[in-house]
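Because only heavy atoms are used, hydrogens play no part in the values below, and waters and symmetry mates are left out as well, while side chains stay in. Letters A, B, ... are given to chains in the order of the sequence lines, protein chains preceding strands, and every chain is numbered from 1. Keep in mind it's a predicted model, so treat the numbers as computed, not measured.
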Amino acid sequence: MEISKKYQPGDIESKWYATWLEARVFRSTPDHRPAYTITMPPPNVTGILHMGHVLNNTIQDVLIRRKRMLGFNACWVPGTDHASIATEAKVVKMLADQGIKKHDLSRDEFLSHAFAWKDKYGGIILEQLRKLGASCDWDRTSFTMDEDYSDSVLDVFCELHERGLIYRGIRMVNWDPQAQTAVSDEEVIHKETKGHLYHIKYQIADAPDTYLTVATTRPETLLGDAAVAVHPEDTRYQAFIGKKIFIPLINREVPIIADDYLDMAFGTGCLKVTPAHDINDYEIGLRHNLEVIDIFNNDGTISPIGKRYVGMDRFAVRKQIVKDLDEAGLLVKIEDHTHAVGFSERTDVPIEPKLSMQWFLRMEELSKPALEAVVSGEVKLYPPKFENTYRHWMENVRDWCLSRQLWWGHRIPAWYLKGSNKYVVARTLEEALDKAREMTGRMDMVADELEQDPDVLDTWASSWLWPISVFKGLTEPDNEDIKYYYPTNDLVTAPEILFFWVARMIIAGYEFLDKKPFSNVYLTGIVRDDKRRKMSKSLGNSPDPLDLIAQYGADGVRVGMLLSSPAGNDLLYKESLIEQGRNYANKVWNAFRLVSGWEPGDQPISTSEGLAIDWMENRLNQVTLEIEDHFEKFRISDALMSVYKLTWDDFCSWMLEMVKPAQGGAVSNEAYLKIVSIFERILQLNHPFMPFITEEVWQGLAKRGQREFMTLSQLSAPGTVNEAVLENTQLIQDAIASVRAWRSEKGVSMKEPIALFLKTDNPEVFSRYAEMMGRFLNLESMDFTEAQPEGSASIRVGIHEIYIPQPDVDLEGEKIKIQEEITYLEGFLDSVVKKLSNERFVSKAPADVVALEQKKQADAESKLAMLRENLERIGV
RNA sequence: GGGAGAUUAGCUCAGUUGGUUCAGAGCAUCUGUCUUACAAACAGAGGGUCACUGGUUCGAGCCCAGUAUCUCCCACCA
């Protein structure tokens, strides 16, 4: 069979993924093995795969596949999130493109459009993840609006309400006038924004020519002013406290009040108080019992309550009002002013603080166990620097605004008695009716008299149950799955949602199941371009992962993404990383080509083969331990790098070259079997990172048809490491490298055979490796000697010397080189001697450190002696 | 304004209780080579005052203080 010279991933990848699915190798059901569980952070149901998903899911797949090969019952639960605000925004836009306005539709009509959209696009991203090789248990695919899932969301709401943790109240919320919904504090992004500070004259009520000048950044809100405030100790304004003052343009009379919230040094020291549109003003209003005048419609235009400018947009009004004030001679000046303005994360429009009736969850008590879990290390964050951030947030946690003025999502299970403020919270309409009848004492009450709250729950109020509800942990408590898989093990997600999601899942875990939801949280970085800019559609700097997979193979993409992405660090994406990944896959492929081309002979195993195999097995054991250590610490990139170097350098560059038969020769059968077995162990270590090519090669090495999947094969525990074997081989490798360097430097081609003389105290080792060295270095002879032969170049490897006879030795060059080495060693010896003659060092440093220094001194001295001798012999 | 973290080779990063020649890795660069698995490769080489200034110590990328620069998070200064 002809094997392609270059690895062609396309067909091989789709073949194996289909085969794996058919054999249900990713399926997990509870059994006697320990469980290892990851629940995938559910992407937006209508989302498509981007580079961030690739990074995130590759890491999860690496963890899952590795544990699967370590004897765990590995279960990776995939799924999607209904993502209420994001999805609704997409649907609204889709409808708008068809000329349909959301508000012209009934709720049910809109929802049927939304579900149609979801059916069409939902799950695309999960299909795409299959291309990446994600080894999820697809039978467990969940969606946050599945019937069962929704039940648990509503149950939780009802339960928390019954316990008095959910309350309803008028609160200042972050209003997004474009999406026409309240957004959570976490969805508001504060940006430094250049604005202006307008100084406006307000006239005192009973003194026509007396004015106070107020400084504000938002002049349009004066329509809703309820007072003007000064600091109680501000000497400039004492006389005015308690008097009335006119709001300009609309001439409404409001009081002048004193409140120590004010900063006397800011602006003019006079503040216009607008309780409906500023959180601070709202609080001042509470203290002074001020009227709340909400002048805005939900879309950010002025409502009739504003009296003037009705129907105009808030920013248009600002311009107009400034103009009108100026014309009225009431505008003193306009200063430039930079301040933080909140923007909606979703729509990027400035947030309007707005008083609104919302549902809240009291967080203070709920969050305590979740804080404790991370502080005590029961839940670990990787990298740990996020623990501080987490703690800071949890110690200052605010009540969670649960309601969203949207249609797509879990509708709040609260029913109002029509025409009244009274309400009941219940799982179903029937239940609500029962409760309402009980509450009113009117047994003849009918469903028509109830009206369900129109709002839906914040998306996070469903996804915080994710690790529980994908196993039906609330609707079917104590079922086999939840008992077996929960708590899950690792969570892989982005630091941006540490608070929105991770913290809340921890809260939910302790609150509803009394157990943490997972033990480790691995926080990935953000994928950026090589200029550190975030990947974004508008910048056009984000490649399509599927294109990359088509071009480089999923294995190449996976390796490329992981090559340089330590936990918590941003990944600076460059296509060259993916190329490197592809090249690596090709390297593995060619090792396979080489080995599979061998026809083993029945001669006994040769010395070189034995040495090579013995060394490689020890290296393999050593690196396997290294890799285990990396994985334990979640250093995925380091683990990959260890595997990469083991495969490329040790296995391909050294071991395969060591055992490669001479032209026309054959590898011994005994060696061949061992080499294949080593190759297989190496493939196993590579498999979590490159599932496809490793399966293909694994099966290819078996030669006789398909065998047990590599995916299901078990990693064997590493044997002991024989240091002496590693050291000896290292010495030979160093010797080979120095002679190669000498060839390269002198321009002596590999084609030209050379003779070698060795001066060494360890001729046994060199003798054993003589045949191997002969092949690596194209030697015509290798002999031991006590003295440097006439007319030869010298190379030093540690305390050993290699001489190469040469017709025209560059004596001058040799001398310079030796002199350089002497100078360096003298300096080194000097520092060692200095250290050792320092009484305080000798008396204070630990004995082994001192002994080490003494050994260094002795070694350096003997090497120096040797060098000086050489120098003398060469003469002048 | 508050908090956290960072600064080591051209780039991205390691450097694990201060102690081997400790200054590393990968990539990139440069020089050779189409050597019978692989030019998507092979063999070699160069490259850093560990941000700066002090301090502690026999000894400091590593610990302490200060300075500079950068990043992120939180936050209601009109």
- What pair of heavy atoms forms the shortest contact from A:Pro219 to A:Val322, and how long is it? CG-CG2, 3.8 Å
- Here the distance between atom P of B:rU35 and atom CZ of A:Arg740, to the nearest Å, is 15 Å
- Ignoring backbone atoms, test whether A:Arg635 places a side-chain nitrogen or oxygen under 4.0 Å from the OP1 or OP2 oxygen of B:rG15. yes
- Under 3.5 Å, is there a donor-acceptor pair linking the side chains of A:Asp336 and A:His196? yes
- Item | N/O (side chain, A:Tyr282) to phosphate O (OP1/OP2, B:rA78) under 4.0 Å | no
- With respect to the phosphate group of B:rC42, does any side-chain polar atom (N or O) of A:Trp648 fall under 4.0 Å of OP1 or OP2? yes
- Message: Can you tell me whether the base of B:rG10 sits syn or anti, using the 90° cut around 0 to define syn?
- Response: anti
- Message: Quiz question: by atom type and distance under 3.5 Å, do the side chains of A:Thr647 and A:Asn686 form a donor-acceptor pair?
- Response: yes
- Task: Run the ring-centre check on A:Trp400 versus A:Phe499 and record whether the distance is less than 6.0 Å.
- Result: no
- Message: Whole angstroms only, please: what is the CG-C1' distance between A:Asn590 and B:rU36?
- Response: 14 Å
- Could you give the CG-to-P distance, from A:Asn778 to B:rU36, as a whole number of Å? 14 Å
- Query: So, is A:Asn586 close to the B:rA41 phosphate, meaning a side-chain N or O under 4.0 Å from OP1 or OP2?
  - Reply: no
- Item | Upstream residue (5' side of RNA chain B) when A:Asp638 and A:Ile736 are each assigned their closest nucleotide | A:Asp638
- Looking only at N and O atoms, is any donor in the side chain of A:Glu657 or the base of B:rA37 less than 3.5 Å from an acceptor on the other one? yes
- Does A:Lys660 have a side-chain nitrogen or oxygen under 4.0 Å from the phosphate oxygens OP1 or OP2 of B:rA37? yes
- Task: Look at all strands and tell whether A:Leu640 reaches a base, only sugar-phosphate, or nothing, counting heavy atoms closer than 4.0 Å.
- Result: nothing
- Any donor-acceptor N/O pair, A:Asn778 side chain to A:Met750 backbone, under 3.5 Å: yes
- Nearest whole angstrom, please: distance from the C1' of B:rG44 to the CH2 of A:Trp742. 14 Å
- Hey, where does RNA chain B pair up into stems, meaning at least three consecutive Watson-Crick or G-U pairs with distances under 3.5 Å? B:1-7 with B:68-74, B:10-13 with B:24-27, B:29-33 with B:41-45, B:51-55 with B:63-67
- Heavy atoms only: give me the nearest A:Met690-A:Val559 pair and the separation to one decimal. CG-CG2, 3.3 Å
- Task: Determine whether more than 12 heavy atoms belonging to other residues, nucleotides or ligands lie under 6.0 Å from atom NZ of A:Lys863.
- Result: yes
- Out of B:rA45, B:rA78, B:rA40, minimum distance to the side chain of A:Lys6 belongs to B:rA40
- Do A:Glu579 and A:Asn583 have side-chain N/O donor and acceptor atoms under 3.5 Å apart? no
- Message: OP1 or OP2 of B:rC74 versus the side-chain N and O atoms of A:Arg398: is any pair under 4.0 Å?
- Response: no
- Rounded to the nearest Å, what distance is computed from the CG atom of residue A:Leu836 to the P atom of nucleotide B:rU20? 14 Å
- Just checking A:Leu572: base, sugar-phosphate only, or nothing, at a heavy-atom cut-off of under 4.0 Å? sugar-phosphate
- Using a cut-off of strictly less than 4.0 Å, decide whether A:Lys5 has a side-chain nitrogen or oxygen near OP1 or OP2 of B:rA41. no
- Message: Over all strands shown, is A:Tyr644 touching base, sugar-phosphate only, or nothing at heavy-atom distances under 4.0 angstrom?
- Response: sugar-phosphate
- Nearest-angstrom distance from the residue atom NZ of A:Lys751 to P of B:rA43: 17 Å
- Here the distance between atom C1' of B:rC77 and atom CD of A:Glu335, to the nearest Å, is 14 Å
- Item | Within the 6.0 Å centroid threshold, strictly below: A:Phe266 and A:His231 | no
- Task: Give the intermediate values and the outcome of salt bridge (charged side-chain N to carboxylate O under 4.0 Å, His left out) for residues A:Arg533 and A:Asp529.
- Result: CA-CA 5 Å; A:Arg533 296 176 305 184; A:Asp529 69 8; 2.8 Å; yes
- Message: Does B:rA41 have its OP1 or OP2 closer than 4.0 Å to a side-chain nitrogen or oxygen of A:Asn583?
- Response: yes
- Query: Within a strict 4.5 Å, meaning less than it, do heavy atoms of the A:Glu496 and A:Leu523 side chains meet?
  - Reply: no
- Query: Is any side-chain N or O of A:Arg582 closer than 4.0 Å to OP1 or OP2 of B:rA40?
  - Reply: no
Tabulate atom names and distances for all N/O pairs under 3.5 angstrom spanning the protein and nucleotides 2-5 of chain B.
{"residue": "B:rA4", "atom": "O3'", "partner": "A:Asn388", "partner atom": "ND2", "Å": "3.2"}

- Note on the structure: Heavy-atom nearest nucleotide on RNA chain B taken for A:Arg528 and for A:Gln8; more 5' hit belongs to A:Gln8
- Round to the nearest Å and state the distance from A:Lys645 atom NZ to B:rC13 atom P. 17 Å
